Student: 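Submitted below is the structure of interest, expressed as structure tokens.
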Amino acid sequence: MATLANGIRHFPDYLDRQAQEHLVELIRGVVAEAPLYTPEMPGTGKPMSVRMTNCGSLGWVTDRDKGYRYQPFHPATKKPWPAIPPELLDLWEKLADYPKPPEACLINFYSDDAKMGLHQDKDEDDLAAPVLSVSLGDSCLFRVGGLNRKDPTGSFRLASGDIVVLGGEGRIAFHGVDRIYPGTSTLLKNGGRINLTLRRVNS
Ligand code: SIN
Ligand code: FE2
């Protein structure tokens, strides 16, 4: 485990291949009920390059009109999000060091050319709880900065099975995904990268 600037913790290769395969199966189950969709940036309505869905009592969504928020149902199907699989709740118990369970698990799917601009995760009332992030499939270049957009940043690769915990001051550090490295994992049949982020929303 490496502790990075701001107390961000990186656990390389935390999940073995079997655990990764099992998680992918669980995520496929979630996606069958709550299909991936292309989110829109607030205001401009510009499509993001990642596709998203959620599981949990709350899911993170965004659209042109109402912007970033948590809601208990899928924006297209209007159905409640599927439950967070117990395996993910176990990971939270082991690594989050926080007494309350996560309410939301955002599922991001990155195709070969998807990325995510530098941002802070700040839509939760509870900023004392960490964000726990699981990487599956192709590697990516992950960038982390400080608490101001202009602070210096550093980048490192996240590979399949890696876990990152953004806690303490690092909870609201700027971060993003610069690029995907296609063909670096055989986990997902059709390539790409899945990122799961578990969050506590209500304090
Ligand atoms: C995110 O910040 O929501 C995603 C981070 C990642 O894909 O690793
Ligand atoms: Fe984020």
Side-chain angles (χ1 to χ4, degrees), residues 2 4-15 20 23-24 27 36-42 47-56 58-62 67-70 84 88 91-92 95-96 102-124 126-127 129-147 149 151 153-182 184-185 187-188 191-201:
L4 306 156
N6 299 319
I8 293 168
R9 291 181 294 158
H10 178 204
F11 300 85
D13 217 14
Y14 187 86
L15 301 167
Q20 294 173 39
L23 275 185
V24 170
I27 297 310
L36 289 166
Y37 63 95
T38 299
E40 295 175 334
M41 304 286 283
M48 292 188 178
S49 60
V50 295
R51 289 188 297 147
M52 287 181 183
T53 189
N54 289 268
C55 51
L58 291 170
W60 186 90
V61 297
T62 172
Y68 305 137
R69 64 192 186 276
Y70 282 93
I84 300 178
L88 288 172
L91 282 179
W92 177 272
L95 298 175
E103 292 145 310
C105 175
L106 174 64
I107 300 167
N108 286 320
F109 178 78
Y110 296 77
S111 53
D112 289 357
D113 54 3
K115 49 186 151 199
M116 188 171 292
L118 213 58
H119 67 277
Q120 292 173 292
D121 287 11
K122 277 213 311 201
D123 300 315
E124 302 73 30
D126 191 342
L127 295 175
V131 172
L132 189 154
S133 149
V134 180
S135 293
L136 296 167
D138 285 337
S139 298
C140 76
L141 187 63
F142 187 69
R143 184 166 295 280
V144 185
L147 303 189
R149 184 173 286 281
D151 288 346
T153 63
S155 63
F156 56 99
R157 273 170 89 125
L158 291 180
S160 197
D162 286 12
I163 291 186
V164 173
V165 181
L166 299 157
E169 210 176 87
R171 172 66 180 76
I172 50 166
F174 275 88
H175 61 278
V177 172
D178 288 357
R179 61 162 298 188
I180 301 298
Y181 296 100
T184 46
S185 165
L187 187 68
L188 305 175
R193 171 175 183 262
I194 294 172
N195 176 256
L196 312 172
T197 43
L198 294 165
R199 296 122 184 242
R200 177 78 198 175
V201 179

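Bear in mind the structure is a predicted one, so any value in this text is a computation, not a measurement. Position 1 is the first residue of the sequence; numbering continues from there. Indexing begins at 1, ligand by ligand and atom by atom, following the structure's order.
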Student: Atoms of ligand 1 less than 4.0 Å from Arg193 heavy atoms?
Tutor: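 Selected atoms, number and element: 6 (C), 7 (O), 8 (O).
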Student: Minimum heavy-atom separation for Asp112 to Ile180, with atom names?
Tutor: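 Of all heavy-atom pairs spanning Asp112 and Ile180, the closest is O-CB, 3.6 Å.
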Student: Rounded to the nearest 0.5 Å, what separates atom CG in Leu118 from atom CZ in Arg143?
Tutor: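 The CG atom of Leu118 sits 8.0 Å away from the CZ atom of Arg143.
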Student: Any N/O of Ser135 closer than 3.5 Å to an N/O of ligand 1?
Tutor: no
Student: Report, in ascending order of atom number, the atoms of ligand 1 lying under 4.0 Å from any heavy atom of Met116.
Tutor: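 Ligand 1 atoms under the 4.0 Å threshold to Met116: 1 (C), 2 (O), 3 (O), 4 (C).
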Student: Please determine if Arg199 and Glu103 form a salt bridge, counting it only when a charged side-chain N lies under 4.0 Å from a carboxylate O.
Tutor: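 Judged by the 4.0 Å cut-off on N to carboxylate O distance, Arg199 and Glu103 do not form a salt bridge.
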Student: Below 3.5 angstrom, do we get any N/O pair linking Asp121 and ligand 1?
Tutor: no
Student: With only distance considered, is His119 within less than 3.5 Å of ligand 1 through an N or O on each side?
Tutor: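 Looking only at distances, the answer is yes, because the N/O contact criterion of under 3.5 Å is met.
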Student: Note the single closest protein heavy atom to atom 5 (C) of ligand 1, along with its residue, its atom name and the distance in Å.
Tutor: Asn195 OD1, 3.6 Å
Student: Show which atoms of ligand 1 fall inside a sub-4.0 Å distance from at least one heavy-atom site of His175.
Tutor: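 It comes down to these atoms of ligand 1: 2 (O).
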Student: Rounded to 10°, how big is the angle at the Fe ion (ligand 2) from His119 NE2 to His175 NE2?
Tutor: 90°
Student: Calculate, to the nearest 0.5 Å, the distance between atoms CD1 and NE2 belonging to Ile163 and His10 respectively.
Tutor: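 Ile163 CD1 to His10 NE2: 9.5 Å, rounded to 0.5 Å.
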Student: Rounded to the nearest 0.5 Å, how far does NZ of Lys115 lie from CE of Met48?
Tutor: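 Met48 atom CE to Lys115 atom NZ measures 14.5 Å (nearest 0.5 Å).
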Student: Within the 4.0 Å heavy-atom shell around Val177, which atoms of ligand 1 are there?
Tutor: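 Those of ligand 1 that fall under 4.0 Å from Val177 are 6 (C), 7 (O), 8 (O).
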Student: Restricting to N, O or S, what is the name of the atom of Asp121 that lies nearest the Fe ion (ligand 2)?
Tutor: OD1
Student: Which of the atoms in ligand 1, numbered in the order shown and given with their element, are less than 4.0 Å from a heavy-atom of Asn108?
Tutor: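 Going through ligand 1 atom by atom, the ones under 4.0 Å from Asn108 are 3 (O), 4 (C).
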Student: Identify the two heavy atoms, one from Tyr181 and one from Cys140, that lie closest to each other, and give their separation to 0.1 Å.
Tutor: CE1-C, 3.7 Å
Student: Check whether any N or O atom of Ser133, backbone or side chain, sits under 3.5 Å from an N or O atom of ligand 1, and answer yes or no.
Tutor: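 No; every N/O pair is 3.5 Å or more apart.
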Student: Provide the number and element of each atom of ligand 1 under 4.0 Å from a heavy atom of Tyr110.
Tutor: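 Numbered from 1, ligand 1 contributes 4 (C), 5 (C), 6 (C), 7 (O).
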Student: Working to the nearest 0.5 Å, report the span between OH of Tyr110 and CE of Met52.
Tutor: 7.5 Å
Student: Test side-chain contact (heavy atoms from CB on, under 4.5 Å) on Val201 and Trp60; report intermediate values, then the result.
Tutor: CA-CA 10 Å; Val201 179; Trp60 186 90; over 6 Å; no
Student: Parallel, tilted or perpendicular: which one describes the rings of Phe156 and Phe142, with boundaries at 30° and 60°?
Tutor: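 Judged by the thresholds at 30° and 60°, the geometry between Phe156 and Phe142 is perpendicular.
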